[in-house]
Amino acid sequence: MGDDTAIGELRAEMAALRRDVQRLSDIHDVRTLHFKYGYYIDMCLYDEACDLFAQDCIVYFLNGVYRGREGARRIYGGWFRDMFVQGGNGPVYGFLLDHFISQDIVTVSEDGKTARGRFRALMQAGSHETKEDKVRPMPDQCWESGIHENVYVKEDGVWKIQALNYNMLWQAEYGAGWAHSTVHLDPLTRTFPEDKWGPDELFDHTPKFWPHTRVVPFHYPHPVTGEAWKSEG
Amino acid sequence: MGDDTAIGELRAEMAALRRDVQRLSDIHDVRTLHFKYGYYIDMCLYDEACDLFAQDCIVYFLNGVYRGREGARRIYGGWFRDMFVQGGNGPVYGFLLDHFISQDIVTVSEDGKTARGRFRALMQAGSHETKEDKVRPMPDQCWESGIHENVYVKEDGVWKIQALNYNMLWQAEYGAGWAHSTVHLDPLTRTFPEDKWGPDELFDHTPKFWPHTRVVPFHYPHPVTGEAWKSEG
Amino acid sequence: MGDDTAIGELRAEMAALRRDVQRLSDIHDVRTLHFKYGYYIDMCLYDEACDLFAQDCIVYFLNGVYRGREGARRIYGGWFRDMFVQGGNGPVYGFLLDHFISQDIVTVSEDGKTARGRFRALMQAGSHETKEDKVRPMPDQCWESGIHENVYVKEDGVWKIQALNYNMLWQAEYGAGWAHSTVHLDPLTRTFPEDKWGPDELFDHTPKFWPHTRVVPFHYPHPVTGEAWKSEG
């Protein structure tokens, strides 16, 4: 075999290897992007959280759809900030909002420009008895559990959140526990600007929360059979 | 140095790099395989869970050994399905079985054909007060914690579960907590076919559960000293 | 283009790829090093835990600073061992100390010789009612939550813990929950050798614990804006 052929083969193999390494590196970037998001929202750092989103992002929460960076600022920098920290940026005395995030499944698209990520979160939240202003409608102390099925986009080499799709599944008052609790957050009924912190749109169908149960559709096929997930609904 | 020598060196280096990248890619595949397993069993998707296993797999649960895909179908598609969802596939109203999985340690064998994985799970489980048929012997609401020390096998380029070795360590009724609870699952006493959903074999020695404690043996050596784990028992 | 030029290019590309793969491999090693640390301390395996540290390591706990392997042995092999397992190595009947660790963010330095890692831990701890000697000042059963911001060093190709910086944020008695609990561990007041298991130094400023809140500084810049974290304090 001539050197030219050998060099051509090496180049092709190198390019294939480069793609594989890039994919692994992208998976690392996306999973840590979500973990960083989690650490920010624990601490009510809504400025930092909003800066993680792409300009044309979308946020799904309860039965609401928030569009673009303006929408993200409305839910994080408006609603949550007002409700949790009275308009500040950062944690306040006596308010707990820990999101314990785990079980990451990140899948990068063939062209390497977008990715999908599934994660779960178990939240410990509440207001200490010595905190005068309680956060409502949240109980004094509670659990929450949910699954993210997010979309990410790489812009100029930087991964950003394209779609933040949080599926809250259950909430439970701490003392009563999940056997004796239903969710304390009601579905949204009004959109922006009627509700100044409201979503741009409401879902056609509001998802059912605990004690109802549902499968949050998997973005990936079955890892052995290769079958795509078929939603029942 | 001649071109032939240089090309030979590049090929050798490329092959070494390819092995390292393959190992990292395999680690990703195996850890997400277990996380996907976790999402399926949360939702009582036992068909999907069983399809993750190799034909000659083995499942360890409590003090029972279930052999082969038939054994996996007996425990997941028989026992658990009957107990948790009355024979269906998928979640039912008012039944919670969340497995919060974390702390993955995946080690791929030198030949790249098998892997071992250690994980932990913290479970939130129970039946909502509005669910008429309670899941027994599970309390109305409870915690469970355990460690997986699994074996995986790569068949035709696809990673599958070879040995699912779940070590339940403690269970606690939610209200009483772990200081005032013992485990609610009794050791198995009968094998298949005497018990239609029973294991193929029972352990010679039943592991001790909470309030007894034990180290689930580590599949990996100490990461600094390199010493293999020596079981006490 | 001549073969020599082509071979030079391939070598340069190979070296760049090798660095990227090494970085991903180091991230894997560091994250699993911390997870292995977690599994050891769950089980009160303090000999194994101490062997994870570099000779000139440093451990931060509460408001104390423990220096070097001697310091690590004082806190793990002295204080914790005395308090939790009466001087043994390994778990004892009726004592629970599970550290559920998650949300790893590992960043390797440019030269590949050091790394930083952020992790979170949610602990379930306590003494079973049938255990005669209770572990004090720990309540019979409790939660604890904290964030690690550690430093790692690679010595002779092996990653070790350089700085173990555990930031306990809240503790809660199980029955009362976090809304009605403060932390049960008091700040340290004496150093070694006055306190035989004491730290080498005390912090100038003791961090505030729950119901106070604080941001544990992020070792990494904002992943989209690239801005370094500015501590408020």
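Proteins get letters first, then strands, A, B, ... in listed order; numbering begins at 1 in each.
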Rounded to the nearest 0.5 Å, what's the gap from [atom1] on [X] to [atom2] on [Y]? Could you check?
X: C/Met14; Y: A/Met14; atom1: CE; atom2: CE; result: 4.5 Å
X: A/Ser102; Y: C/Asp104; atom1: OG; atom2: CG; result: 9.0 Å
X: C/Asp3; Y: A/Ile7; atom1: CG; atom2: CD1; result: 4.0 Å

Heavy-atom pair of closest approach, residues [X] and [Y]:
X: C/Arg120; Y: A/His99; answer: NH1-O, 2.5 Å
X: A/His128; Y: C/Pro211; answer: CG-CB, 3.5 Å
X: A/Arg11; Y: C/Glu9; answer: NH2-OE1, 4.2 Å

For [X], is it the side chain, the backbone, both or neither that has a heavy atom under 4.5 Å from a heavy atom of chain C?
X: A/Val21; value: both
X: A/Gln22; value: neither
X: A/Cys44; value: neither

Looking at [options], which makes the most heavy-atom pairs under 4.5 Å with chain C?
options: A/Lys160, A/Gln103, A/His28; value: A/His28
options: A/Asp140, A/Thr130, A/Thr32, A/Leu96; value: A/Leu96
options: A/Leu17, A/Leu24, A/Asp42; value: A/Asp42

Give the C-alpha distance, both sets of side-chain angles, the deciding distance and a yes or no for side chain to side chain contact (heavy atoms under 4.5 Å, CB included) between C/His180 and A/Gln141.
-> CA-CA 9 Å; C/His180 307 289; A/Gln141 50 187 346; 3.4 Å; yes

With a 4.5 angstrom heavy-atom cut-off, is it the side chain or the backbone of [X] that approaches chain A, or both, or neither?
X: C/Ala172; result: neither
X: C/Ser145; result: side chain
X: C/Phe100; result: both

State, yes or no, whether a side-chain contact exists between [X] and [Y] at a heavy-atom distance under 4.5 Å.
X: A/Trp159; Y: C/Pro223; answer: no
X: A/Asp51; Y: C/Glu227; answer: no
X: C/Thr213; Y: A/Tyr93; answer: no
X: A/Tyr39; Y: C/Val216; answer: no
X: C/Trp170; Y: A/Asp98; answer: yes
X: A/Leu45; Y: C/Trp229; answer: yes

Got a donor-acceptor contact below 3.5 angstrom from the C/His222 side chain to the A/Glu48 backbone?
-> yes

Cation-pi geometry met for A/Lys36 and C/Tyr220 (6.0 Å, 45°) | yes

Salt bridge (charged side-chain N to carboxylate O under 4.0 Å, His left out) with C/Asp20: which of A/Arg19, A/Arg23, A/Arg18?
-> A/Arg18

Once the angle between the rings of A/Trp143 and C/Trp178 is folded into 0 to 90°, is it parallel (under 30°), tilted (30 to 60°) or perpendicular (over 60°)?
-> perpendicular

Check whether more than 12 heavy atoms from other residues, nucleotides or ligands sit under 6.0 Å from atom CZ of C/Arg31, and answer yes or no.
-> yes

Neighbour count above 12 (heavy atom, 6.0 Å) for C/Tyr60 OH = no

Select, from C/Leu10, C/Leu169, C/Ile147, the one with the greatest count of heavy-atom pairs under 4.5 Å involving chain A.
-> C/Leu10

